[in-house]
2 protein chains.
Amino acid sequence: MFARRASFATVFVMGLREQKKAETRAALSWAAVRLTVERGFGNVKVEDIAEAAGVSPRTFNNYFSSKGEAIVARHLDRGLRIAEALREGPEGPLWEAITRSVLAQFEPDAEAAAHPVADADRWTAGVRMMVSEPALQGEMLRAGAIAEAEIAAAVADRTGTDLQQDLYPHLVASAVVAAINTAIAHHLRTDPPVPVSRLLADALPRVAAGLSTP
Amino acid sequence: MFARRASFATVFVMGLREQKKAETRAALSWAAVRLTVERGFGNVKVEDIAEAAGVSPRTFNNYFSSKGEAIVARHLDRGLRIAEALREGPEGPLWEAITRSVLAQFEPDAEAAAHPVADADRWTAGVRMMVSEPALQGEMLRAGAIAEAEIAAAVADRTGTDLQQDLYPHLVASAVVAAINTAIAHHLRTDPPVPVSRLLADALPRVAAGLSTP
DNA sequence: GCGCAAACATGCGCGCCACGCAAGTTTCCG
DNA sequence: CGGAAACTTGCGTGGCGCGCATGTTTGCGC
């Protein structure tokens with residue numbers, strides 16, 4: 001879709017157009033998150049986000065159809081990467097592949113290092129405020145659901161089940177997403193925060209128990 | 001909370017005030033669903049819903065803070081009834097109680113008989129349109145999440161686990177809600193529709209397998 | 001190189017929506 | 001029966017999502 005030419009290995013080259021687009025999208029999403037964490041959802045206007053990203057207010061809606069969508073974009077992308085990893089990963093037992101694909105996206109993030117946070121406690125408090133915002137909860141869960149559909153498709157491929165007819169791939173995908181959501185929520189609930197990867201390493205095998213490949 | 005006086009058995013008597021409130025709420029929610037199914041989400045104005053329910057537009061927002069919330073209200077209520085049933089139900093193995101509580105809410109609905117549908121196929125098509133509306137997907141999932149919190153609390157009570165410290169009750173609740181969501185989605189996907197209760201009877205034991213009481 | 005077509009950013013404007021505020025009205029309870 | 005509390009309603013406001021038209025940038029074939 002957004003891969004114009006593939007050189008050796010998995011390196012993709014974008015045209016200048018798509019490069020700029022990706023940058024703008026990332027800038028908008030990042031600005032949306034930062035401002036929301038700092039000020040609270042209700043105190044951030046679309047205008048502010050656009051300004052922080054260096055584009056016009058109208059352009060914001062060319063990338064995201066709502067404030068919430070922008071804030072949740074990175075969450076959505078992470079979910080989609082899980083599905084992608086599941087598709088492209090090596091053969092092997094289903095739940096082994098799932099566990100690997102999921103955990104890979106919750107390692108200490110390289111991208112997180114690109115946006116260092118000055119006051120960690122203040123940041124965490126802001127994030128807690130953010131995720132307790134009703135409008136964002138729905139958006140967050142919806143992002144998970146979109147990723148869930150992709151994961152279900154990947155599971156169907158791997159197991160030879162039918163997306164239309166069988167409940168199995170959907171059940172697996174929803175269990176995986178549920179485990180992820182629960183782990184994240186628990187991570188934000190605990191003090192000091194328990195690493196998400198540890199929680200997932202505990203949760204995934206448990207939900208897997210009754211969902212072995214049919 | 002809304003039980004003013006309890007006569008014998010489980011019959012609750014409301015004051016005139018709460019009676020009217022419940023009726024208005026139900027009328028608004030039902031009108032919201034009906035109009036959305038008939039015309040599509042984007043072609044229904046809050047004004048229309050209020051008019052259909054016989055109240056002023058402003059009053060709508062005294063009951064629901066958005067159109068989506070009104071549409072999803074019955075879904076939310078059903079989820080909350082599951083949690084309530086789980087709390088008040090008889091002792092016994094956890095997953096037995098869960099299965100009973102969930103399935104009880106997905107029996108051929110007595111309330112559904114109160115709103116007979118003339119053209120069943122047209123209605124089903126409208127419902128499919130409705131659930132594919134992005135804004136409503138988020139709202140729907142959020143309703144599930146609210147119920148999930150109540151279910152988690154009920155599970156913690158039954159199992160003696162700690163909501164704050166243990167992942168277990170949250171994991172169980174999220175698995176249950178995930179199974180319900182998946183079953184409903186599959187019910188809407190299949191033609192002819194497979195009963196939700198049948199799908200749940202299949203799905204719940206599977207997610208239960210790895211989540212036995214600790 | 002070069003020019004054209006497609007993609008994109010932006011300004012403008014419209015309709016809708018969530019909600020605060022300040023009446024007016026109904027219900028509750030002593 | 002009278003006052004307090006709860007509820008409905010009208011009005012006004014700020015913000016949002018998006019369609020449309022216009023100017024600008026990018027990509028691609030020749």
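The chains referred to below are lettered A, B, ... by the order of the sequence lines, with proteins before strands, and numbering in each begins at 1. Only a predicted model underlies this, so the values are computations on that prediction, with no experimental measurement involved.
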Does any residue of residues 24-51 of chain A have a heavy atom under 4.0 Å from DNA chain D, and if so, which ones, in number order?
A:Val44, A:Lys45, A:Val46
Contact list please: residues 61-71 of chain A against DNA chain D, heavy atoms, distance less than 4.0 Å, in numerical order.
A:Asn61, A:Ser65, A:Ser66, A:Lys67
Starting at [atom1] of [X] and ending at [atom2] of [N], how long is that distance when rounded to a whole Å?
X: A:Phe60; N: C:dT10; atom1: CZ; atom2: P; answer: 14 Å
X: B:Glu133; N: D:dG17; atom1: CD; atom2: C1'; answer: 13 Å
X: B:Lys20; N: C:dT27; atom1: NZ; atom2: P; answer: 8 Å

Less than 3.5 Å apart, any donor N or O on the side chain of B:Gln105 or B:Arg81 sitting next to an acceptor on the other?
yes
B:Arg189 and B:His186: side chain donor to acceptor below 3.5 Å
no
Would you check if the side chain of [X] reaches a backbone N or O of [Y] as a donor-acceptor pair within less than 3.5 Å?
X: B:Gln137; Y: B:Val131; result: yes
X: A:Ser29; Y: A:Arg25; result: no
X: A:Lys67; Y: A:Ile49; result: no
X: B:His187; Y: B:Val194; result: yes
X: B:Arg128; Y: B:Leu188; result: yes
X: A:Asp166; Y: A:Tyr168; result: no

At a cut-off of 3.5 Å, list every protein nitrogen or oxygen paired with a nitrogen or oxygen from nucleotides 11-13 of chain C, distance to 0.1 Å.
unit_1: C:dG11; atom_1: O6; unit_2: A:Arg58; atom_2: NE; d: 3.2

Which heavy atom in B:Ala173 sits nearest to a heavy atom in B:Ala152, and how many Å separate them?
CB-N, 3.6 Å
Looking at every non-hydrogen atom in both residues, tell me the closest pair between B:Leu86 and B:Arg158 and how far apart they are.
O-NE, 3.2 Å
